[in-house]
Amino acid sequence: MENLNEDAQWIVLMGFLVSASFFFLAIVLNQSTVVGQTTAEGVVEFPKADIRDYKVTVLKFTRSGLGGESLLDISSLSLGQRNAVVSSVTTCWDPPNRDPFDPLCLTKKTRIHYSNGVTAYNDTATYK
Amino acid sequence: MVDRTWAQLYTIEGFAAALIMLVTAWVVLGTTTMYTPGDSHISDMQLEQLGNDVLFMMDTPANFSVSDKAPLQSYIENKDGQGPLEFDKLFRAYCNERIDGPPDNIQYNATIYYRNRIDNETKYYLFNSSRNIFPGDHAVRVTHWVLVNNTFGDAVAPSNVLNNRPQTVLLEVFLWRT
């Protein structure tokens, strides 16, 4: 039975191969809309404005030194109103081991952490 | 015996071909439609971006000098005086301006959330609103942290609403189109 007609068997085999590749292309087209939708949703869902707002505010009062208990304010308000956990740590980068609010500290480094349950974000800012 | 084997193979091929055609038809028809949770997220996102931009603009001082204050900060510190009125004017102007044509019709409702240091509670203060109603469908919420600095002796009311100390408050604005 194997050696009946080799040319015919080749043709049938190539036919299977072509139809399998057509199937693959059809499935790619079918899934493309769902992939596009979920990717776009992921981009829109990223809390860009919240993270930027928080980072700018932390840098603002860290640089001027006038914040009072702002870190506590932001932590509790953020958790209660924005459903996000935030924290930040400021250290002195240029002469290390100095108090960051000391006037002799030339460069400060602030690390911020933001997490709203879906997105977690960590960032470091070095500034004068 | 040879005839029956050929017939069986023929039948099985027929089944396989029918299944393949059905699956192909399903894949092709499934490509055309997709369930989405409503199309309002695009216009909501645009309104949210507008609100964030406006609040960011208002929180930027006009001149880059140490003593200059951002408009938003001075409006909030003046909450018992002209602050809410000035905020209303500037915020509405920024939101509703358009390049060509009549101005837009965006309404808002602004609240300030702050932390009471004595009992660590979060309290709120109704700042201003353009309509005296609660926002309905398709309202977006934008927030902004404002550093309110009371130690320079500016016009701040030491009322029992805002603690008289440098602190950060959360300004929350609901925006909607009528």
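By convention in this document, chain letters (A, B, ...) are assigned in the order of the sequence lines, proteins followed by strands, and residues within each chain are numbered from 1. Note that these values count all heavy atoms, side chains included, but never hydrogens, waters or copies made by symmetry.
With a threshold of 4.5 angstrom between heavy atoms, Phe22(A) does not approach chain B through any atom at all. Residue contact with chain A, scored on non-hydrogen atoms closer than 4.5 Å, involves the side chain of Glu172(B) exclusively. Using a 4.5 Å cut-off between heavy atoms, Leu72(A) contacts chain B through both its backbone and its side chain.
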Verdict with supporting geometry, Ile20(B) and Ser19(A), side-chain contact (heavy atoms from CB on, under 4.5 Å): CA-CA 10 Å; Ile20(B) 289 176; Ser19(A) 67; over 6 Å; no
Checking Gln81(A) against Thr143(B) for the side-chain contact (heavy atoms from CB on, under 4.5 Å) test, could you report, in this order, the C-alpha distance in whole Å, the side-chain angles of both residues, the deciding distance, and whether it holds? CA-CA 9 Å; Gln81(A) 297 304 315; Thr143(B) 60; over 6 Å; no
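Smallest separation of non-hydrogen atoms from Thr57(A) and Leu147(B): O-CD1, 4.2 Å. In terms of heavy-atom proximity, Asn30(A) sits nearest to Gly30(B) at ND2-C, 3.7 Å. Nearest heavy-atom pair, Leu170(B) versus Leu77(A), reported as atom, atom and distance to 0.1 Å: N-CD1, 4.1 Å.
Note on Asp50(A), Thr33(A), Ile27(A): by heavy-atom pairs under 4.5 Å with chain B, the leading option is Thr33(A).
Here the CH2-CD1 distance, from Trp145(B) to Ile74(A), works out to 5.5 Å after rounding to the nearest 0.5 Å. Residue Phe23(A) holds its CZ atom at 3.5 Å from OG1 of Thr24(B), rounded to the nearest 0.5 Å.
In this structure, Asp73(A) contributes its side chain and Gln167(B) its backbone to no donor-acceptor pair below 3.5 Å.
Under the 4.5 Å side-chain heavy-atom criterion for grouping Ile, Leu, Val, Met, Phe, Trp and Tyr, Tyr125(B) is connected to Tyr108(B) within one hydrophobic cluster. At a threshold of 4.5 Å between side-chain heavy atoms, the hydrophobic network of Ile, Leu, Val, Met, Phe, Trp and Tyr places Val27(B) and Leu25(A) in two separate groups. Put simply, Leu72(B) and Leu90(B) are part of the same group of oily side chains (I, L, V, M, F, W, Y) that touch within less than 4.5 Å, one to the next. Cluster annotation: Tyr94(B) is connected to Val140(B) through the hydrophobic network of ILVMFWY side chains, with a link wherever side-chain heavy atoms come within less than 4.5 Å. Each of Val28(B) and Leu22(B) belongs to its own hydrophobic cluster when Ile, Leu, Val, Met, Phe, Trp and Tyr are linked at side-chain heavy-atom distances under 4.5 angstrom.
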Could you pull out every donor-acceptor pair under 3.5 Å between side chains of residues 99-106 of chain B and any protein atom, sequence neighbours left out?
| residue | atom | partner | partner atom | Å |
| --- | --- | --- | --- | --- |
| Asp104(B) | OD2 | Arg177(B) | NE | 3.4 |
| Asp104(B) | OD2 | Arg177(B) | NH2 | 2.8 |
| Asn105(B) | OD1 | Gln107(B) | NE2 | 2.9 |
| Asn105(B) | ND2 | Thr178(B) | OG1 | 2.9 |

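Interface with chain A: from residues 50-60 of chain B, residues Asn52(B), Phe56(B), Asp59(B) qualify, criterion being any non-hydrogen pair under 4.5 Å.
Residue-environment remark: CZ (Arg63(A)) stays at or below the threshold of 12 foreign heavy atoms within 6.0 Å. Annotation: Asn97(A), atom CG; neighbour count of heavy atoms from other residues, nucleotides and ligands within 6.0 Å does not exceed 12.
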